[in-house]
Amino acid sequence: MNIKRYMIKDTNEKILKKLDPGESGDFDSKEEAAVKMQALKDRLAELQDILFAQKKHSLLVILQGMDSSGKDGTVKHIFSGINPQGFLVTSFKKPSLEEAAHDFLWRVHMKTPPKGYIAAFNRSHYEEVLVPRVHGDIGKEEIKRRFKYIRHFEEMLAEEGTTIIKLFLHISKEKQLEKIQERLQDPAKHWKFDASDLEERKYWDDYQEAYEDIFRETSIEEAPWYWIPANHRWYRNYLALAIVVKTLESLDLQYPKLNTPTPDISKLITPRH
């Protein structure tokens with residue numbers, strides 16, 4: 001798969017209306033994708049084992065998207081087969097009083113992955129540009145300043161050995177409403193429903209506009225944005241996993257070698273009589 005065709009490169013054009021959230025790649029069915037999905041999961045487990053042993057690189061996967069685009073589900077499905085000892089996940093909600101008293105990147109920096117680890121951000125520091133902008137809590141100069149700090153922050157992480165993948169889960173407005181209705185109709189999903197989701201739908205166009213600016217201002221080489229068609233959950237999960245695997249395969253991952261001569265353990269073996 002050529003994942004580069006899903007990469008959002010520097011552009012001054014608005015792109016979201018041109019991208020099809022219902023795309024399903026070259027697959028004819030989700031059953032066909034399921035076979036390749038399992039192979040990718042096995043490959044991810046192999047790569048994570050080397051990453052954890054080598055302790056040279058780390059991987060940060062940032063998931064953003066409109067409400068009900070499937071951020072929780074994506075994390076659950078693509079990372080379900082890896083060793084939890086080397087995996088960290090953080091869901092960023094509204095800042096606490098302590099977090100709000102610091103700079104907007106303070107709480108995020110503490111959750112970035114140490115060398116050898118994979119970390120997933122379910123929402124991220126981009127919320128500190130997105131939500132305040134849509135609701136008119138910050139002005140253009142503050143938005144510009146935060147974009148600058150985000151670029152510098154991600155560049156610094158990359159220079160220190162953290163590879164960053166930013167995934168925008170692109171769902172249609174119609175599909176979002178369908179997902180909200182599912183949550184209301186299924187008692188097992190009631191806990192997922194938040195009345196604020198309906199309120200935020202009123203700002204759909206404003207959020208789309210804000211994301212366009214995010215892509216334009218923060219699609220840097222060290223931390224690229226990818227768009228993920230999210231109307232079909234099975235393709236969303238497959239593509240996100242494929243991007244993670246391809247990115248890890250691009251790194252110089254090798255099991256570390258012994259830095260001392262191989263010891264002779266034969267003398268430690270007690271002979272049987």
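Throughout, residue positions are numbered sequentially from 1 according to the sequence presented. In what follows, every heavy atom counts, from backbone to side chain, and hydrogens, waters and symmetry copies are set aside.
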- request: State whether a side-chain donor-acceptor pair under 3.5 Å links Ser69 with Gln176.
  value: no

Applied to residues 225-247, the salt bridge (charged side-chain N to carboxylate O under 4.0 Å, His left out) test, sequence neighbours excluded, yields none

- Message: Could you check, using the six-membered ring where one of them is a Trp, whether Phe87 and Tyr117 have ring centers closer than 6.0 angstrom?
- Response: no

- prompt: Should Ile171 and Leu16 be regarded as members of a common hydrophobic cluster, given that ILVMFWY residues are connected when their side-chain heavy atoms come within less than 4.5 Å of each other, either directly or indirectly?
  reply: yes

In this structure, CG of Leu169 is separated from NZ of Lys71 (nearest 0.5 Å) by 6.5 Å

- Item | ILVMFWY cluster, Ile164 and Phe147 together (side-chain gap under 4.5 Å) | yes

Next on the checklist: I'd like to know if the side chain of Thr218 reaches the main chain of Phe215, judged simply by a donor and an acceptor atom lying under 3.5 Å from each other, with no hydrogens or angles considered.
Outcome noted: no

Here the gap from Tyr207 atom OH to Lys173 atom NZ, rounded to the nearest 0.5 Å, amounts to 13.0 Å

Item to check | salt_bridge(Glu209, Lys17) N-O dist < 4.0 Å | outcome: no

Decide whether Ile138 and Trp106 are clustered together by the hydrophobic rule: side chain heavy atoms of Ile, Leu, Val, Met, Phe, Trp, Tyr closer than 4.5 Å, transitively. no

Just so I know, are the side chains of Leu60 and Lys166 near enough to count as touching, which here means a heavy-atom distance under 4.5 Å? no

Ser80 and Lys41: side chain donor to acceptor below 3.5 Å: yes

In this structure, NZ of Lys115 is separated from NZ of Lys55 (nearest 0.5 Å) by 12.0 Å

Notebook entry, point to check: Do we see a donor-acceptor contact under 3.5 Å between the side chains of Asp206 and Gln208?
Noted result: no

Test salt bridge (Lys or Arg N to Asp or Glu O under 4.0 Å), reference Glu128, set Arg145, Arg123, Lys94, Arg107, output is Arg107

Before accepting this row, confirm whether a basic side-chain N of the pair Glu154/Arg151 lies closer than 4.0 Å to the acidic partner's carboxylate O. no

task = Considering only NZ, NE, NH1 and NH2 on the basic side and carboxylate oxygens on the acidic side, decide whether Asp213 and Arg133 come within less than 4.0 Å.
result = yes

Salt-bridge present (Glu142, Arg146; N to O < 4.0 Å)
yes

Exercise. Kindly work out whether a path of hydrophobic side-chain contacts (I/L/V/M/F/W/Y, heavy atoms less than 4.5 Å apart) joins Val131 to Val129.
Key: yes

Subject >> Test item: His170 and Tyr211 side chains (from C-beta on) under 4.5 Å apart, heavy atoms >> reply: no

Looking only at heavy atoms, the pair that brings Leu167 and Ala240 closest together is CD1-CB, 3.9 Å

Report task. Please work out whether the ring planes of His125 and Phe121 are parallel, tilted or perpendicular, with thresholds of 30° and 60°. Result -> perpendicular

Value for CG (Asn122) from CG (Asp72), rounded to nearest 0.5 Å, stands at 4.5 Å

Between His109 and Phe153, does the ring centre distance come in under 6.0 Å? yes

- Judged by atom type as modelled, is there a donor-acceptor pair below 3.5 Å linking the side chain of Asn83 to the main-chain atoms of Asp49? no

Exactly one candidate in Trp227, Phe168, Tyr226 meets ring pair (Phe, Tyr, Trp, His ring centres under 6.0 Å) with Tyr6; the answer is Trp227

Closer than 4.0 angstrom, basic N to acidic O: yes or no for Glu141 and Lys144? no

Side-chain heavy atoms nearer than 4.5 Å, only ILVMFWY residues, links allowed to pass through others: does that put Tyr255 and Leu59 together?
yes

Answer with yes or no after comparing the ring centroid distance for His135 and Tyr203 against a 6.0 Å cut-off, counting only values under it.
yes

Quiz item: Any Lys/Arg nitrogen of Glu127 or Lys93 sitting under 4.0 Å from an Asp/Glu carboxylate oxygen of the other?
Solution: no

CG (Leu130) and CE (Met66) are apart, to the nearest 0.5 Å, by 8.0 Å

Separation between CG (Leu239) and CZ (Phe27), nearest 0.5 Å, reads 9.5 Å

**Report entry** Donor-acceptor contact below 3.5 Å, side chain Ser196 vs main chain Glu199
**Finding:** no

>> Taking the basic N atoms (NZ, or NE/NH1/NH2) and the acidic carboxylate oxygens, is any pair closer than 4.0 Å for Asp67 and Lys179?
In response: no

